[in-house]
Amino acid sequence: MNRQNVYKILKERGFVKQVTDEDAVFDAFKKKQATVYVGYDPTASSLHVGNLMGLMALAHVQRAGHLPIAVIGDGTTMIGDPSGKTELRKMLSRENIAANATKIKSQISCYFRIDNKAGFAVHNADWLLSLNHVDFLREIGRHFSVNRMLTAEAYKIRMETGLSFLEFNYQILQAFDFLKLYQSHHCTVQMGGDDQWGNIIAGTDLVRRVEGARVEGITWPLLTTANGQKMGKTAKGAVWLDGGLTSPYEYYQFWINCDDRDVSRFLAYFTFLPMKQIGELSKYEGADIREAKAVLAFEATKITHGEAEALKARAASQSAFGDSEQDISSIPATHISIEKIKDGVYLSDVFAEVGLTKSKGEARRLIKQGGAYINQDKIEDIESKLDAKDFVDNSIMLRAGKKRYHRLLLA
RNA sequence: GGAGAGGUACCCGAGUGGCCAAAGGGAACAGACUGUAAAUCUGUCGGCAUAGCCUUCGGAGGUUCGAAUCCUCCCCUCUCCA
């Protein structure tokens with residue numbers, strides 16, 4: 001079998017920012033099977049689009065026949081990674097972390113197989129929580145130079161604002177993870193976001209010191225949008241991979257609303273389309289770029305939510321923004337009882353209730369500014385009420401601004 | 001433990017007795033222009049059936065006709081010293 005070296009694929013798709021040693025990494029992937037790990041901290045009950053880089057990177061690794069390991073950082077999260085953070089993160093309880101870890105693990109399995117054969121998911125709590133402090137310091141701690149750690153770029157901000165001893169240890173534990181995985185799974189490559197560079201290097205150094213073996217690290221660029229914004233934040237907060245937190249429709253909309261300048265990068269990162277096809281899509285200009293965005297949105301949604309949901313989301317999106325009547329079932333909906341609207345309900349109240357606006361006041365403002373629509377008709381009067389006559393086939397389409405839709409169903 | 005500085009809305013940050021629901025900036029939202037993009041311009045930006053009322057300037061009390069602003073106690077953060 002003459003397969004392409006996965007490092008080449010990763011590089012071509014833009015996943016490589018820093019590497020410990022390009023040739024060594026290339027050689028590592030020449031082997032029949034290399035083992036690669038990426039860590040995920042269960043700080044929330046779902047991963048978000050910011051975590052996609054690592055998931056996609058590991059998926060490429062598995063597709064190339066190598067072994068991906070997702071390390072669930074339920075041990076390290078007890079501490080909290082200070083890298084790139086300006087202040088101490090809120091401490092999470094152990095139960096909280098455990099619950100998050102379970103959910104995140106099942107999410108990861110959407111991107112690559114973790115069947116303990118073609119891929120693994122391990123919990124670092126398994127080896128971190130039982131450590132004996134003094135033994136650990138003697139065996140591992142002696143390999144770390146405080147002087148050196150303090151010069152790390154990731155800690156620079158924290159040297160100004162303060163860094164607790166707790167967080168200072170994070171790097172050591174992450175380095176220990178790498179050592180453990182080298183020993184148990186012969187894992188020789190760690191990947192992570194560029195803010196993880198210091199932690200990754202600490203790991204490669206530790207493995208060299210303890211085992212006398214060379215292991216490698218790769219970082220991918222930290223994702224920002226062309227606007228300089230952190231990736232994956234919207235008005236509603238993070239864009240989650242969990243369909244319950246961010247519906248497939250909203251997920252689809254997130255991608256289709258991306259900046260023109262991001263489209264070709266994102267196609268390479270967040271779809272499995274061949275680079276040749278991405279090159280074709282990148283040639284679109286002006287309004288035609290929407291075509292490329294539609295491909296991006298569909299492919300990205302398909303990977304996270306499956307093809308059926310992606311098709312539904314696409315149909316709903318086309319229906320809302322185009323003129324064709326299609327399947328709108330994936331546009332968010334709320335049920336409302338007949339009794340409730342019998343006497344008429346203020347539309348401003350309805351908008352607030354279904355979450356299109358945060359408060360009734362905001363809904364009133366929206367109407368005043370001409371941004372509220374009901375079944376594609378602009379609502380002119382703040383005092384407008386909703387009644388049964390407005391329902392067509394027992395449903396109403398509400399719209400806030402140009403892009404946010406919500407269906408109201410008569411129950 | 002000692003000395004000093006500070007904690008203001010989503011974030012940064014002004015305000016040191018009434019003119020304060022609190023300047024300014026950023027973010028965000030809406031409108032215009034567009035292509036479900038960007039940029040630009042305009043408006044909005046605590047809650048409430050809204051020319052009025054209610055809640056908010058770390059927390060709890062107090063002084064006052066009136067407190068983000070003054071006093072007391074407490075909590076937290078930072079800097080220097082130990």
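Naming convention: chains lettered A, B, ... in sequence-line order (proteins, then strands); numbering from 1 in each chain.
- Both distances falling under 3.5 Å, in either a Watson-Crick or a G-U wobble arrangement, place B/C10 opposite B/G26.
- On the P atoms, B/A14 is 15 Å away from B/G24, given to the nearest whole Å.
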Under 3.5 Å, side-chain donor or acceptor atoms of residues 396-403 of chain A against the rest of the protein: list the pairs with distances, not counting sequence neighbours.
from   : atom 1 : to     : atom 2 : distance (Å)
A/R399 : NE     : A/G401 : O      : 3.0
A/R399 : NH1    : A/Q376 : OE1    : 2.9

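- B/U64: no Watson-Crick or G-U partner with both key distances under 3.5 Å is found in any strand.
- For A/Y37 and A/F178, the gap between ring centers is short of 6.0 Å.
- In a base pair of the Watson-Crick type (N1 to N3 plus N6-O4 or O6-N4) or a G-U wobble (N1-O2 and O6-N3), with each distance short of 3.5 Å, B/A51 is matched with no nucleotide.
- Note on ring orientation: taking the six-membered ring where Trp is involved, the planes of A/F168 and A/F165 are tilted (angle from 30° to 60°).
- Between the base of B/U34 and the side chain of A/K402 there is a donor-acceptor pair shorter than 3.5 Å.
- Taking side-chain N and O atoms only, A/S359 has a distance below 4.0 Å to OP1 or OP2 of B/C48.
- Distance noted for atom P between B/G6 and B/U40: 37 Å (whole Å).
- Annotation: B/A21 and B/U16 have their P atoms spaced 15 Å apart (nearest Å).
- With a cut-off of 3.5 Å on both pairing distances, B/C20 has no Watson-Crick or G-U wobble partner at all.
- In this structure, A/F15 and A/Y269 have perpendicular ring planes: the angle between them is above 60°, well past the 30° mark.
- B/C76 and B/U42 have their P atoms separated by 47 Å, given to the nearest Å.
- For A/D260, counting side-chain heavy atoms from C-beta on, the closest listed nucleotide (B/G35, B/A30, B/U36) is B/G35.
- Contact check, A/K403 against B/A37: a side-chain N or O comes under 4.0 Å of OP1 or OP2.
- Spacing between B/A27 and B/C10 at atom C1', rounded to whole Å, works out to 8 Å.
- Across B/C54 and B/A5, the matching P atoms stand 37 Å from one another, rounded to whole Å.
- Under the ring-ring contact (aromatic ring centres under 6.0 Å, His included) criterion, the residue pairs touching residues 378-411 of chain A are A/F321-A/Y405, with sequence neighbours excluded.
- In this structure, the NZ atom of A/K358 is 9 Å from the P atom of B/C29, given to the nearest Å.
- Comparing B/C70 with B/G18, their C1' atoms sit 14 Å apart, to the nearest whole Å.
- In this structure, B/G4 and B/C78 make a Watson-Crick or G-U wobble pair, each of the two defining distances being under 3.5 angstrom.
- Here the side chains of A/Y182 and A/V210 are not in contact, with every heavy-atom distance at 4.5 Å or above.
- Nucleotide B/C57 forms a pair with no other nucleotide shown, judged by Watson-Crick or G-U wobble geometry with both contacts under 3.5 Å.
- Between B/G31, B/G47, B/G35, one nucleotide has an atom nearer to the side chain of A/K293 than all others, and that is B/G35.
- Taking atom NZ on A/K378 and atom C1' on B/A32, their separation rounds to 11 Å, with Å as the unit.
- No donor-acceptor contact under 3.5 Å links the side chain of A/D288 to the base of B/G35.
- Across every strand in view, B/U69 sits unpaired, with no contact that passes the Watson-Crick or G-U test at under 3.5 angstrom.
- Both A/K360 and A/A372 lie close to RNA chain B; mapped to their nearest nucleotides by heavy-atom distance, the more 5′-ward contact belongs to A/A372.
- Comparing A/A287 and A/D349, the nucleotide of RNA chain B nearest to each residue sits closer to the 5' end for A/A287.
- An OP1 or OP2 oxygen of B/A30 is reached within less than 4.0 angstrom by no side-chain nitrogen or oxygen of A/R365.
- If you take OH of A/Y284 and P of B/A38, they are 21 Å apart, rounded to a whole angstrom.
- The separation between A/N257 atom CG and B/U36 atom P is 10 Å, rounded to whole Å.
- With P as the reference atom, B/A9 and B/U63 are 27 Å apart, rounded to whole Å.
- A/S317 comes within 4.0 angstrom of a nucleotide base, judged by non-hydrogen atoms across all strands.
- Residue-to-nucleotide contacts include no donor-acceptor pair under 3.5 Å from the side chain of A/Q369 to the base of B/G31.
- Rounding to whole angstrom units, CZ of residue A/R314 and C1' of B/U36 are separated by 16 Å.
- Residue A/F266 contributes atom CZ, which lies 12 Å from atom C1' of B/A37 at whole-angstrom precision.
- The nucleotide B/A32 finds its pairing partner in B/U40, both defining distances of the Watson-Crick or G-U wobble pair being shorter than 3.5 Å.
- Here A/D262 pairs with A/R265 in a salt bridge; the nearest charged N to carboxylate O distance falls below 4.0 Å.
- The side chain of A/R364 places no N or O atom within less than 4.0 Å of a non-bridging phosphate oxygen (OP1 or OP2) of B/C48.
- Atom CD of A/E362 is separated from atom P of B/A21 by 22 Å (rounded to the nearest Å).
- Counting any heavy atom pair closer than 4.0 Å across all strands shown, A/I256 reaches a base atom.
- Cation-pi geometry between A/R63 and A/F272 is met: under 6.0 angstrom from the ring centre, within 45 degrees of the axis.
- Between the CD atom of A/E250 and the C1' atom of B/U36 there is a distance of 15 Å, given to the nearest Å.
- Residue contacts for A/G361: at a heavy-atom cut-off of 4.0 Å it reaches a base atom on one of the strands shown.
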